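For the single chain, residues carry numbers from 1 onward in sequence order. Only this structure's heavy atoms are used, side chains among them; waters, hydrogens and symmetry mates stay out. Keep in mind that this is a model prediction, so the values were computed, not measured.
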Amino acid sequence: MKLSGVELRRVQMPLVAPFRTSFGTQSVRELLLLRAVTPAGEGWGECVTMAGPLYSSEYNDGAEHVLRHYLIPALLAAQDVTAAKVTPLLAKFKGHRMAKGALEMAVLDAELRAHERSFAAELGSVRDSVPCGVSVGIMDTIPQLLDVVGGYLDEGYVRIKLKIEPGWDVEPVRAVRERFGDDVLLQVDANTAYTLGDAPQLARLDPFGLLLIEQPLEEEDVHGHAELARRIQTPICLDESIVSARAAADAIKLGAVQIVNIKPGRVGGYLEARRVHDVCAAHGIPVWCGGMIETGLGRAANVALASLPNFTLPGDTSASDRFYRTDITEPFVLDGGHLPVPTGPGLGVAPIPELLDEVTTAKVWIGS
């Protein structure tokens, strides 16, 4: 398959409500979309970078620059491009996993559409639908938090994830448990906000029967996570630390992780995400699919990924209206706490042109 060119689009999508985590507050999702064009058809990719280098060292302007000047030209120069060849073709360029992952996603979508094959079938799906959790940001007050959590439970979400940070951890968890009971699947996400010195505070979460605590320490502190695992009872889940299948294997060997959050953009694409899944499955480590406030394009691919066999915990694959009043694709709608796995060719969804144009702030074509 010869790549004719790639269109880059900058889009801005307002969120239904501000989303606050330990690294900042978002009211608008700014992101990059890619449209890969080949003689056999086209495919879409979504880059999960943010406006600034807060969650990750990657960010939108940097991703656009490396895509325009290095990654896309490298694929255009290749005589034959398939999704499986994207990583080897781009290997000489260090880092930039999210940008590479978006480009691989677009090529994979084009390839699968041309062969009338779905993302789910290609990745190894075993389910027609996936259970959905929801991520709840840091709130100004506990009553506000309880109202929001209650609303999501009423909508049918089967798992609640609370964002935490120092000063907003034990009391919010206690309040949610007291209001909604021990049967609610509940977990917390620290987004690297703590240090090993906070182990006594984090141990105060143990009595609440949490599914897991996600990424409590800095992403490079894998040994610290292994030590923390010996000091607390709540299972440790790694997010930012898991950047590849090799990183997952190393963390498992060190005893630093008991559950893994797989985010395809963070590991460099959906093919590497499948390898992370396979490594974890081989070691008996359950996984779930994380979210990066994706549009319907990224959501479709995430739901397909989450239908693989070792995704045994509900992920952040929430419905479209969790973040957006209007998505750029047909919306994903919760049904009995689940989302259906798309079965159409490629992603199984595509942008609705007029909706995409409404949120597009800039676009550029990079062709051969």
Side-chain angles (χ1 to χ4, degrees), residues 21-23 55-56 130-138 157-165 169-170 172-173 176 184-196 198-199 201-206 208-267 273 276-292 302 305-306 308 310-318:
T21 69
S22 62
F23 55 79
Y55 167 81
S56 163
V130 299
C132 297
V134 65
S135 181
V136 181
I138 295 167
Y157 284 101
V158 300
R159 185 228 69 195
I160 299 293
K161 179 171 84 173
L162 304 180
K163 294 287 188 177
I164 63 170
E165 65 182 3
D169 42 38
V170 174
V173 170
V176 170
V184 172
L185 298 180
L186 183 63
Q187 63 193 56
V188 296
D189 182 8
N191 289 118
T192 75
Y194 295 83
T195 70
L196 190 57
D198 295 311
Q201 176 68 7
L202 295 175
R204 294 181 61 201
L205 295 170
D206 289 341
F208 299 108
L210 300 177
L211 286 173
L212 57 90
I213 178 171
E214 184 181 349
Q215 197 69 44
L217 313 182
E218 285 290 336
E219 61 187 81
E220 296 180 1
D221 193 6
V222 178
H223 284 278
H225 282 102
E227 177 59 30
L228 182 63
R230 291 188 280 270
R231 299 190 191 183
I232 67 175
Q233 298 172 15
T234 304
I236 289 178
C237 171
L238 292 183
D239 171 355
E240 289 93 331
S241 297
I242 306 301
V243 295
S244 65
R246 176 178 293 179
D250 289 345
I252 293 167
K253 184 177 181 180
L254 288 169
V257 63
Q258 292 148 291
I259 299 167
V260 168
N261 169 357
I262 300 180
K263 288 180 178 172
R266 192 193 63 232
V267 303
V276 176
H277 164 276
D278 293 347
V279 165
C280 291
H283 289 86
I285 301 294
V287 302
W288 55 280
C289 185
M292 291 290 290
N302 285 353
L305 179 69
L308 271 63
N310 196 40
F311 283 85
T312 56
L313 297 174
D316 288 339
T317 47
S318 51

At their closest point, which heavy atom of Ala273 faces which heavy atom of Val267, and how far apart are they?
-> N-CG2, 3.7 Å
What is the minimum heavy-atom distance between Cys237 and Asn261, and which atoms define it?
-> SG-N, 3.5 Å
Non-hydrogen side-chain atoms of Val170 and Gln201 separated by less than 4.5 Å | yes
For residues Gln258 and Ile285, report the shortest heavy-atom separation together with the two atoms involved.
-> O-CG2, 3.6 Å
Check Pro314 against Cys132 and note the closest heavy-atom contact, atom names and distance.
-> CB-C, 4.2 Å
For Ile252 and Val279, which heavy atoms make the closest approach, and how far apart are they?
-> CD1-CG1, 4.4 Å
Under 3.5 Å, is there a donor-acceptor pair between the side chain of Gln215 and the main chain of Leu217?
-> yes
Quick one: CG on Leu308 to CG on Asp278, what's the gap to the nearest 0.5 Å?
-> 7.5 Å
How many angstroms lie between atom CD1 of Ile138 and atom OG1 of Thr21, to the nearest 0.5 angstrom?
-> 6.5 Å
Under the side chain to side chain contact (heavy atoms under 4.5 Å, CB included) rule, what do Val176 and Phe208 come out as? Steps first, then yes or no, please.
-> CA-CA 10 Å; Val176 170; Phe208 299 108; over 6 Å; no
Is a side-chain donor-acceptor pair under 3.5 Å present for Asn191 with Glu240?
-> yes
Please step through side chain to side chain contact (heavy atoms under 4.5 Å, CB included) for the pair Tyr194 and Leu202, ending with a clear verdict.
-> CA-CA 9 Å; Tyr194 295 83; Leu202 295 175; 3.9 Å; yes
Residue from Asp239, Asp169, Asp189 passing salt bridge (charged side-chain N to carboxylate O under 4.0 Å, His left out) with Lys163 = Asp189
For Lys263 and Val243, what are the C-alpha separation, side-chain angles and deciding distance, and is it a side chain to side chain contact (heavy atoms under 4.5 Å, CB included)?
-> CA-CA 9 Å; Lys263 288 180 178 172; Val243 295; over 6 Å; no
When rounded to the nearest 0.5 Å, the distance separating CG of Leu196 from NE2 of His223 is 12.5 Å
Separation of Lys161 NZ from Leu186 CG (nearest 0.5 Å) = 12.0 Å
Going through the distances and angles, do Val136 and Ile160 end up as a side chain to side chain contact (heavy atoms under 4.5 Å, CB included)?
-> CA-CA 7 Å; Val136 181; Ile160 299 293; 4.1 Å; yes
Does a side-chain heavy-atom distance below 4.5 Å link Val188 with Leu210?
-> yes
dist Trp288:CH2 -> Thr317:OG1 (nearest 0.5 Å) comes out at 10.0 Å
Could you tell me which non-hydrogen atom of Asn310 sits nearest to which non-hydrogen atom of His277, and how far apart they are?
-> N-NE2, 2.9 Å
4.5 Å side-chain heavy-atom contact, Leu162 and Val173 = yes
Please tell me if the side chains of Ile262 and Leu305 come closer than 4.5 Å, counting only heavy atoms from C-beta onward.
-> yes
Can you tell me how far CD1 of Ile213 sits from CD1 of Ile259, rounded to the nearest 0.5 angstrom?
-> 11.5 Å
